[in-house]
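Right, one structure below, let's go through it.
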Amino acid sequence: MDTFLLNDGHTLPAIGFGTVGVQGAKGVIELTTAIDNGYRLIDTSTNYNNEGMVGEAIRRSSVPREELIISSKLPGLAHDYDKAFKLIQEQLYRIGIDYFDKYLIHWPNPKVGKYDQAWQALVDAQKLGLIKTIGVSNFLEEHLDRIIDKTGVTPATNQIERHPYFNNNELVQVNNDRGILTEAWSPFGRNIVDILADDTLKQIAEKYDKTPGQIVLRWNLQNNVLPIVKASSPKHQQENVDVFDFELTEEDIQAIDAMDKGEDGRVEGQHPNEYEEFV
């Protein structure tokens, strides 16, 4: 799999495996299968209620721990500096690992306005070796500039909503301008059937003998965006990483960009300046 080089010198696989909704014994099977199918970046969060499952999959996998990149997130309830620092340690105990390869602030919660405290906790946790690379999620330009100005540390990644119905290109450019790698959560949207059944994607997919999902992933990769995908079946897991043998034309990319529906395209109307995560 191709990789992305981060601003702190670390590298990430070009595609990550998302675990939202992946839980229990069934989740362990899905995740170990994904690892067998080549995924190395595993994306979880305390709010996914599956840290135990992730830890069990890591232990059962034949892939050495040092070859896996485990990423988690800080929830909104722990933006105070002390709470953030303690919860990072607690999450490590829950999963049963000594360090996070990657760790993000899940949402900025700007009305509360303590995300700069949370960011300082991540900076200090990184210095102590609890985290290798630190980043944020759902941060807008003003949120990014505030934490950079306060700490002098630029996030390595910013995981944002991005899919053909909400391409978020302006925020992708904001990230690029600051040397921050964009990650895309829910790259197929939440109503997968609607997006992947879109005629634009189907026509482009037919041209390359690929699936509409593979076209969406390639669109992200060619825009310097790392997609976080979720797939239960081995077939779809394999399809999602079989996207490195073709390239979209600029015309294809423009056609997919034109699918954008603006704010109406957000999957759950979660604008980062309005949505507050309190759990």
Side-chain angles (χ1 to χ4, degrees), residues 1-4 12-21 34 37-39 41 43 137-141 157-177 180-272 275:
M1 188 183 294
D2 290 352
T3 60
F4 285 109
L12 293 178
I15 297 175
F17 189 81
T19 64
V20 61
N37 281 325
Y39 294 88
L41 170 56
D43 183 86
S137 182
N138 302 299
F139 273 46
L140 302 179
E141 182 174 13
T157 57
N158 185 12
Q159 189 177 117
I160 65 174
E161 179 178 355
R162 175 177 155 84
H163 47 79
Y165 287 167
F166 185 71
N167 63 44
N168 222 347
N169 279 342
E170 289 185 8
L171 187 49
V172 173
Q173 187 59 53
V174 165
N175 291 334
N176 288 342
D177 290 344
I180 300 169
L181 176 68
T182 299
E183 296 179 289
W185 57 261
S186 293
F188 305 137
R190 292 281 167 83
N191 195 338
I192 294 176
V193 175
D194 282 357
I195 287 183
L196 299 187
D198 191 284
D199 285 341
T200 297
L201 292 178
K202 289 167 68 175
Q203 290 170 8
I204 296 173
E206 184 176 352
K207 179 168 66 170
Y208 295 99
D209 194 25
K210 294 289 184 179
T211 68
Q214 289 171 319
I215 297 302
V216 171
L217 297 178
R218 191 68 214 175
W219 167 71
N220 273 297
L221 294 172
Q222 289 184 221
N223 279 281
N224 198 45
V225 175
L226 189 163
I228 304 293
V229 297
K230 188 183 78 170
S232 299
S233 75
K235 178 177 181 291
H236 288 147
Q237 290 177 2
Q238 292 165 2
E239 283 180 353
N240 287 340
V241 292
D242 184 22
V243 293
F244 299 101
D245 59 349
F246 74 105
E247 284 194 6
L248 300 174
T249 65
E250 185 59 33
E251 182 181 10
D252 296 328
I253 291 174
Q254 291 175 1
I256 299 170
D257 283 346
M259 294 170 60
D260 182 69
K261 298 181 179 182
E263 288 297 319
D264 291 337
R266 289 187 184 273
V267 293
E268 293 175 355
Q270 294 175 323
H271 192 291
Y275 180 74

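What you see is a predicted model; the values in this text were computed from it and never measured.
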Closest non-hydrogen atom pair between L226 and P13, with its separation = CD1-O, 3.0 Å

message = If we check side chain to side chain contact (heavy atoms under 4.5 Å, CB included) with Q214, which of these qualifies: V241, L201, V243?
response = V243

message = Please tell me whether D177 and Q173 have a donor and an acceptor in their side chains that are separated by less than 3.5 angstrom.
response = yes

Spacing of T249 atom OG1 and K207 atom NZ [to the nearest 0.5 Å] = 4.5 Å

ask   = Just by distance, do the side chain of D2 and the backbone of A14 share a donor-acceptor pair under 3.5 Å?
value = no

ask   = Is the backbone of I215 close enough, under 3.5 Å, to the side chain of Y208 for a donor and an acceptor to pair up by distance?
value = no

ask   = Between K210 and D242, is there a donor-acceptor pair closer than 3.5 Å when you use the side chain of the first and the backbone of the second?
value = yes

Closest non-hydrogen atom pair between V225 and A184, with its separation = CG1-CB, 3.7 Å

query = Is the number of heavy atoms from other residues, nucleotides or ligands within 6.0 Å of CD (E263) greater than 12?
reply = yes

query = Which value, rounded to the nearest 0.5 Å, describes the distance between I256 atom CD1 and H163 atom NE2?
reply = 14.0 Å

Side chain to side chain contact (heavy atoms under 4.5 Å, CB included) between N169 and D260, worked out = CA-CA 10 Å; N169 279 342; D260 182 69; over 6 Å; no

inquiry  = Is it the case that the side chain of E183 and the backbone of I228 share a donor-acceptor pair, with hydrogens and angles ignored and the cut-off at 3.5 Å?
reply    = no

query = Is there side-chain contact between T182 and N158, with heavy atoms separated by less than 4.5 Å?
reply = no

key: From CA spacing to verdict: side chain to side chain contact (heavy atoms under 4.5 Å, CB included), V229, H236   = CA-CA 10 Å; V229 297; H236 288 147; over 6 Å; no

inquiry  = Is it the case that the side chains of D43 and Q159 hold a donor-acceptor pair, with the cut-off being a distance below 3.5 Å and no angle test?
reply    = yes

task = Before accepting this row, confirm whether a basic side-chain N of the pair K235/E239 lies closer than 4.0 Å to the acidic partner's carboxylate O.
result = yes

ask   = Got a donor-acceptor contact below 3.5 angstrom from the K230 side chain to the V20 backbone?
value = yes

request  = Show the numbers, then the answer: is there a side chain to side chain contact (heavy atoms under 4.5 Å, CB included) between N240 and Y39?
outcome  = CA-CA 10 Å; N240 287 340; Y39 294 88; 3.2 Å; yes

key: Distance in Å, M259 CE paired with D199 CG, rounded so as to fall on 0.5 Å steps   = 9.5 Å

ask   = Would you say the side chains of N138 and Y275 form a donor-acceptor pair under 3.5 Å?
value = no

inquiry  = I'd like to know whether D194 forms a side-chain hydrogen bond (donor to acceptor under 3.5 Å, both in side chains) with Y165, so could you lay out the CA-CA distance, the side-chain angles of the two residues, the decisive distance to 0.1 Å, and finally the verdict.
reply    = CA-CA 10 Å; D194 282 357; Y165 287 167; over 6 Å; no

ask   = When you look at V267 and W185, which way does the side chain to side chain contact (heavy atoms under 4.5 Å, CB included) test go after all the steps?
value = CA-CA 11 Å; V267 293; W185 57 261; 3.8 Å; yes

message = As an exercise, state the distance from CG of N176 to CG of N223, rounded to the nearest 0.5 Å.
response = 9.0 Å

ask   = Distance-only, no hydrogens or angles: does the Q238 side chain make a donor-acceptor pair with backbone N or O of N37 under 3.5 Å?
value = no

note = Heavy-atom closest pair (P212 atom, K202 atom, distance to 0.1 Å) is CG-CG, 4.2 Å

key: N220 side chain to V216 backbone, donor-acceptor under 3.5 Å   = yes

inquiry  = Please report the interatomic distance CG(L140) to CG(N175), rounded to the nearest 0.5 Å.
reply    = 10.0 Å

query = Taking side chain as C-beta onward, heavy atoms only, is F188 less than 4.5 Å from L217?
reply = yes

query = Quick one: does D209's side chain get under 4.5 Å of F246's, heavy atoms only?
reply = no

query = Can you tell me how far the CD1 atom of I15 sits from the CG atom of L41, to the nearest 0.5 Å?
reply = 10.5 Å

message = With a 3.5 Å distance limit and no angle check, can you tell me whether N167 reaches the backbone of D257 through a side-chain donor-acceptor pair?
response = yes

ask   = So does E268 have more than 12 non-hydrogen atoms from other groups sitting under 6.0 Å from CD?
value = yes

key: Short N-O contact, R218 and D252, less than 4.0 angstrom   = no

Over all atoms of both residues, closest heavy-atom pair of Q222 and L248 = OE1-N, 2.7 Å

